[in-house]
Structures are given as structure tokens and as C-alpha cells.
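Let me begin by presenting the structure, written as C-alpha cells, before commenting on it.
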2 protein chains.
Amino acid sequence: MAQLSDSIEQFIKELMEEDAQIELKRNELAQHFGCAPSQINYVLATRFSVDHGYIIESRRGGGGYVRIVRMTHPSGSSLLETLLNRVGNSIDEESANAIAAFLYERKLVTKNEALLIKAAVSRNALQLPVSAKDVLRAAVLRNMLTQVFRNLEEG
Amino acid sequence: MAQLSDSIEQFIKELMEEDAQIELKRNELAQHFGCAPSQINYVLATRFSVDHGYIIESRRGGGGYVRIVRMTHPSGSSLLETLLNRVGNSIDEESANAIAAFLYERKLVTKNEALLIKAAVSRNALQLPVSAKDVLRAAVLRNMLTQVFRNLEEG
DNA sequence: ATAATTTGACTATCTCTGACTATTATATCC
DNA sequence: GGATATAATAGTCAGAGATAGTCAAATTAT
């Protein structure tokens, strides 16, 4: 009991009570718990995997971070609804890409399909003033998500 | 920790919101951010590369400058070029669907992928005044076509 | 015993700088 | 007016520093 991993999991989940998405420094967190940094990876891999409904994004180097995004959906609402909700009326490219990656990891789409989704919502594709891009990206992504799930039902 | 590189990227992108092309002085920008001039090159190389849809031109010596141009589309193979050409700057939904169907017939994309393309360029997805829809649809479709052919090259 | 956890050594990636190089414009000399 | 020197830019590259990732061995829990 009170395994280190459990404590770290608990700690992260408390941080996420407020927001469905947090960013942290792997090394800082490790130091906080007085453990090896790789311990953090272990916790993320075993308790915050896609199967558990989370998406992990990270960046190395100066200013690096680990971002944890909660993707679980309340029972009663479908995954599609959760995703549509997350997309909302406006979404930036990075988050849209994370959703495409999520779909791929969950095997809801193939790799090529994920790439197509990314292409459709990339900043290249949406040639509009930046402020409007996020809004349009959301609309395109919502439509594609709906299509993805329609395919699944039929298949 | 908004990294220096991120700040500079942001700064440049704000400058480019208005125009698809800007000119700046490398040294001035470096001074503005209190960093080494070569830092500017780093940001340009990592965030404004051709892959990111930008072209960099520059000139040294007195009155030198760095010009950043936002590309409208990358180049590709010849069928790709033909298709891109057919798409042009503006395309209606029916024609876009025809191209998706063509890709499927040619086995360049799977059925699901074709459906995804149709979803991305559908009237529903592109929530804009009718006049602008065709233009935007063309941009999205061009980007997706480019992605399709990129997949083919790698596969 | 078996499975889960924890660590540490090694690797990969990203950022930033500084020394050195290349190019262009302008001033100066004849 | 042309050649040459000087100043004003920008480019390149290797290395240091700052993070995060991986994986297998050691440890601990069940």
C-alpha cells in the first residue's frame, strides 16, 4: 500500500480535478517525490495510458514538459460526444493533432486516416486569419469525427 | 516557461497575421529578445521551414533583411500536381467529392479515407459564407491530397 | 513464485550561444 | 569611373545545457 506509484497517481489525479488537462515537469515531480525521473514515466504508462482514457504529450529540452489530457467520458454519453465536446467551437492545431493521435492509438482510425485528419485541420489547409482558423478547424474536425464514428457503426 | 524560441515564433506569427509575407532585421529582432542573432536562425529553421509551409529568403550586407513568406501549397508528384491544379483556388462540393471518388477508384485511398475526405470538405464542415466555402474547400482538399501522396511515397 | 514497482545508466531531443564565415552596400582612393 | 577597403548584415556549425524517454536489472509486494 501507499506505493510510490499510487501516491504519484493520486497526486496527478488531484491536480486534474480542476482541469481536464495539466502540464508538469517530469524532473520537478520526481524531485517532489524523491524518486527517479523515470518513475514518472512508469506511472504515466501504467495509469494514464490511452486505455485509461488519457493522452500524454511531451517535449524535451529546455522548457520541456509533460502534458496529461483526460479523455474519459461520463457513462451515458458516447465517446463521440466527449470528443465533440472537447473540440467545441474552436481548437488549436496541437490539440487537434492530439485527438487524431488518440483515435489512432485507440485503433479507431488507421495511421493514414489519422494523417488525413491532421492534414485537413493543419494550419496550411485553413487559409484564414489566425483567429478564425481555430473556429473553422473545430468545424472540420467535428465533421470528420462524426464520419469516423459512422464508419465504425456500419463496420 | 514560455521558451525563447516559442516567444519568437509567436511574435513572428503575430506579425504575419496581416500579411502573408514580412521582412525583418535579424539583429534587431535578436536584440529585441536579448538573444544571440543565430537564435533567430534556429527559430526559422525549426518553425518556419518548408515543412511548416514557409519559405525564407534573406540578404546580407547593409540594408540586409530576412523575409518570411507563407506558402500556399507545397509541390509534389505529377498526378498530385494535376489534381492540385484541378482543385485550384476554389472548388465546389460536387467536384471535390468526385476527386475523392477518383482517388478511391484508383485505389489511392481506402473507402474510409475517401469518406473522411468528403467529410472534411463537406458543406457542413466549412462554416463560412457560401462564396468563401469553395475557396476554403480547395485549400483543405489540396492539403489532404498532398498528404495522400506523401503516404504513397513512404509506403 | 509471480507480478508490480523502482532505479540508474544510457539515449534522444530541444534550446541557446559564440566563434567563424559569407555576402552586400558604401565609402575612399587613384 | 573603377578598384579596393570597410562596415553592415546574415549564415553555419559544433558544443554545452536542459529536459524527457527507454530498458533491463534490482527490489518489493502479493
Side-chain angles (χ1 to χ4, degrees), chain A residues 1-13 15-16 21-52 54-70 92-95 97-98 101-102 104-105 118 123, chain B residues 1-13 15-16 21-69:
Chain A
M1 263 316 232
Q3 293 285 350
L4 221 199
S5 290
D6 294 336
S7 303
I8 296 173
E9 174 188 9
Q10 200 53 40
F11 183 82
I12 292 175
K13 286 193 168 155
L15 286 182
M16 298 193 74
Q21 169 173 336
I22 61 169
E23 252 176 46
L24 42 83
K25 298 280 198 178
R26 187 182 75 148
N27 287 354
E28 277 181 13
L29 189 56
Q31 186 143 35
H32 182 261
F33 282 95
C35 65
S38 56
Q39 176 69 24
I40 306 303
N41 296 82
Y42 176 73
V43 173
L44 294 177
T46 55
R47 283 124 159 116
F48 294 90
S49 68
V50 168
D51 281 349
H52 287 82
Y54 295 86
I55 299 174
I56 306 294
E57 300 169 68
S58 68
R59 197 161 128 184
R60 309 185 190 196
Y65 59 81
V66 174
R67 177 183 302 151
I68 308 173
V69 183
R70 193 198 309 125
D92 66 24
E93 185 170 7
E94 195 180 1
S95 301
N97 283 343
F102 174 83
Y104 173 54
E105 284 187 36
K118 288 183 186 182
R123 74 188 92 84
Chain B
M1 310 298 156
Q3 286 305 108
L4 222 198
S5 291
D6 295 336
S7 303
I8 297 172
E9 174 189 9
Q10 199 53 39
F11 183 82
I12 292 175
K13 285 192 169 156
L15 286 182
M16 298 194 73
Q21 169 174 338
I22 62 169
E23 256 177 40
L24 40 82
K25 298 280 200 178
R26 187 181 76 148
N27 287 353
E28 277 181 15
L29 189 56
Q31 186 142 35
H32 181 260
F33 281 96
C35 66
S38 56
Q39 176 69 23
I40 305 303
N41 296 82
Y42 175 73
V43 173
L44 294 177
T46 55
R47 283 127 160 109
F48 294 90
S49 67
V50 170
D51 279 351
H52 286 81
Y54 296 88
I55 295 174
I56 306 297
E57 300 169 58
S58 67
R59 199 160 164 185
R60 310 182 190 196
Y65 59 82
V66 173
R67 179 184 300 149
I68 307 174
V69 184

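Heavy atoms only: backbone and side chains are in, while hydrogens, waters and symmetry mates are out. Every chain is numbered from 1 and lettered A, B, ... according to where its sequence line falls, protein lines coming before strand lines.
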Original post:
Does a nitrogen or oxygen in the side chain of Gln3(A) sit under 4.0 Å from OP1 or OP2 of dA29(D)?
Top reply: no
Original post:
Does any N or O donor sit under 3.5 Å from an N or O acceptor when you compare the side chain of Ser38(A) with the base of dG21(D)?
Top reply: no
Original post:
Taking the side chain as C-beta and beyond, is there a heavy-atom pair between Leu29(A) and Phe11(A) under 4.5 Å?
Top reply: yes
Original post:
What nucleotide among dA10(D), dT6(C), dA20(D) has an atom nearest to a side-chain atom of Val66(B)?
Top reply: dA10(D)
**OP:** Check the distance between dT12(D)'s P and Leu44(B)'s CG and give it to me in whole angstrom.
**Re:** 11 Å
**OP:** Please indicate whether Gln31(A) has more than 12 foreign heavy atoms, meaning atoms of other residues, nucleotides or ligands, lying under 6.0 Å from its CD.
**Re:** no
Polar atoms only, N or O, under 3.5 Å: list the protein pairs with nucleotides 3-7 of chain D and their distances.
none

**OP:** Consider the side chain of Asp6(A), meaning its heavy atoms from C-beta on, and name the nucleotide among dG11(D), dT17(C), dT5(C) that approaches it most closely.
**Re:** dT5(C)
Original post:
Just how far is it from atom OG of Ser49(A) to atom OH of Tyr54(A), taken to the nearest 0.5 Å?
Top reply: 10.0 Å
Original post:
Nearest to the side chain of Tyr42(B) - dG18(C), dT19(D), dC14(C)?
Top reply: dC14(C)
Original post:
Could you state the CD-P distance from Glu23(B) to dT9(D), rounded to the nearest angstrom?
Top reply: 14 Å
Original post:
Between Leu29(B) (CG) and dT17(C) (C1'), how many Å, whole number?
Top reply: 16 Å
**OP:** Identify whether any heavy atom of Asn41(B) sits under 4.0 Å from a base atom; if not, whether one sits that close to sugar-phosphate; answer base, sugar-phosphate or nothing.
**Re:** base
Original post:
Taking atom P of dT15(C) as reference, at what distance in whole Å does atom OH of Tyr65(A) sit?
Top reply: 9 Å
**OP:** Check whether any side-chain heavy atom of Phe48(A) sits under 4.5 Å from a side-chain heavy atom of Arg70(A), and report yes or no.
**Re:** no
Subject >> Nearest to side-chain heavy atoms of Gln39(B), which nucleotide of dT5(C), dT17(C), dA20(D) >> reply: dT17(C)
**OP:** Kindly say if Lys25(B) contacts the phosphate of dA10(D), meaning a side-chain N or O under 4.0 Å from OP1 or OP2.
**Re:** no
Original post:
Can you tell me how far P of dG21(D) sits from CD1 of Ile40(A), to the nearest Å?
Top reply: 10 Å
Subject >> Glu57(A) CD - dG21(D) P separation (whole Å) >> reply: 12 Å
**OP:** Look up atom CG in Leu4(B) and atom OH in Tyr42(B), then write down how far apart they are to the nearest 0.5 Å.
**Re:** 11.0 Å
Original post:
With respect to the phosphate group of dA20(D), does any side-chain polar atom (N or O) of Asn27(A) fall under 4.0 Å of OP1 or OP2?
Top reply: yes
Subject >> Nearest-Å distance for atom pair CD/C1', residues Gln10(A) and dT5(C) >> reply: 17 Å
Subject >> Point-to-point distance, once rounded to the nearest 0.5 Å, from CG of Leu44(A) to NE2 of His52(A) >> reply: 11.5 Å
Original post:
Quick one: is dG11(D) close enough that its OP1 or OP2 comes under 4.0 Å of any side-chain N or O from Ser58(B)?
Top reply: yes
Original post:
Between dT17(C), dT21(C), dT6(C), which nucleotide gets closest to the side-chain atoms of Arg60(B)?
Top reply: dT21(C)
Original post:
Taking the side chain as C-beta and beyond, is there a heavy-atom pair between Leu24(A) and Ile68(A) under 4.5 Å?
Top reply: yes
Original post:
Got a sec, which residues hit salt bridge (Lys or Arg N to Asp or Glu O under 4.0 Å) with Glu105(A), two or more places apart in sequence or on another chain?
Top reply: none
**OP:** Have a look at Arg47(A) and say if it touches a base, only the backbone sugar-phosphate, or nothing, with a 4.0 Å heavy-atom cut-off.
**Re:** sugar-phosphate
Original post:
Can you check whether Arg59(A) has a side-chain N or O nearer than 4.0 Å to OP1 or OP2 of dT15(C)?
Top reply: yes
